Amino acid sequence: MSQVHIEFESFRKIFGQNIRKIRKEKGYTQETFAFALDSSPKYIGCLERGEKNPSLPFTYKIAKILNTTVEKLFVETMHQ
């Protein structure tokens with residue numbers, strides 16, 4: 001596995017962890033969050049586990065619904 005691939009996998013995991021953390025802070029279940037995004041709870045679970053790559057427009061929609069910025073969804077924090 002290349003270094004770039006390993007780094008991307010880590011990046012995707014951070015993104016998913018941030019979505020889960022903020023979603024829970026905002027009081028959304030996976031089901032209610034998926035409904036707000038016009039998506040499925042299964043897809044949200046895949047995102048939160050770092051298994052899927054959302055499109056940029058979908059990432060923007062996630063940020064708007066969570067009342068955050070796209071940038072904050074990709075920043076690693078010390079309190080994961």
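Since the model is a prediction, treat every value here as computed from it, not as a measurement.
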Got a second to check how far Ile44's CD1 is from Ile19's CD1, nearest 0.5 Å?
7.0 Å

Here the pair of heavy atoms bringing Lys52 nearest to Cys46 is CG-CB, 3.3 Å

Give a yes or no on whether the backbone of Ser55 and the side-chain of Thr59 come within a donor-acceptor separation of less than 3.5 Å.
yes

Transitive ILVMFWY side-chain link Phe35 to Ile65, under 4.5 Å
no

Does atom OH (Tyr60) have a neighbourhood of more than 12 heavy atoms from anything else shown, all under 6.0 Å?
no

Pairwise distance CG(Leu66) to CZ(Arg23) - rounded to 0.5 angstrom:
9.0 Å

List the atom of Ala34, the atom of Pro41, and the distance in Å for their closest heavy-atom pair.
CB-N, 3.4 Å

Rounded to the nearest 0.5 Å, how far does CZ of Arg49 lie from CG of Leu47?
9.5 Å

Do you see a donor-acceptor pair shorter than 3.5 Å between the side chains of Glu76 and Gln17?
no

Could you tell me whether the side chain of Leu73 reaches within less than 4.5 Å of the side chain of Ile22, counting heavy atoms only?
yes

Measuring from Glu48:CD to Lys24:NZ, what's the distance to the nearest 0.5 Å?
7.5 Å

The reported gap from NZ in Lys64 to OG1 in Thr69 (rounded to nearest 0.5 angstrom) is 9.0 Å

Under 4.0 Å between a Lys/Arg side-chain N and an Asp/Glu carboxylate O for Lys13 and Glu9?
no

Check for a donor-acceptor pair, side chain of Lys61 on one end and backbone N or O of Leu37 on the other, with a separation under 3.5 Å.
yes

Report yes if some heavy atom in the side chain of Gln30 is under 4.5 Å from a heavy atom in the side chain of Lys42; otherwise report no.
no

Tell me, do Pro54 and Phe15 make a side-chain contact under 4.5 Å, heavy atoms counted?
yes

Distance from Phe58 atom CZ to Asn53 atom CG, nearest 0.5 Å?
12.5 Å

Would a distance-only check, ignoring hydrogens and angles, find a side-chain to backbone donor-acceptor pair under 3.5 Å from Arg20 to Gly16?
no

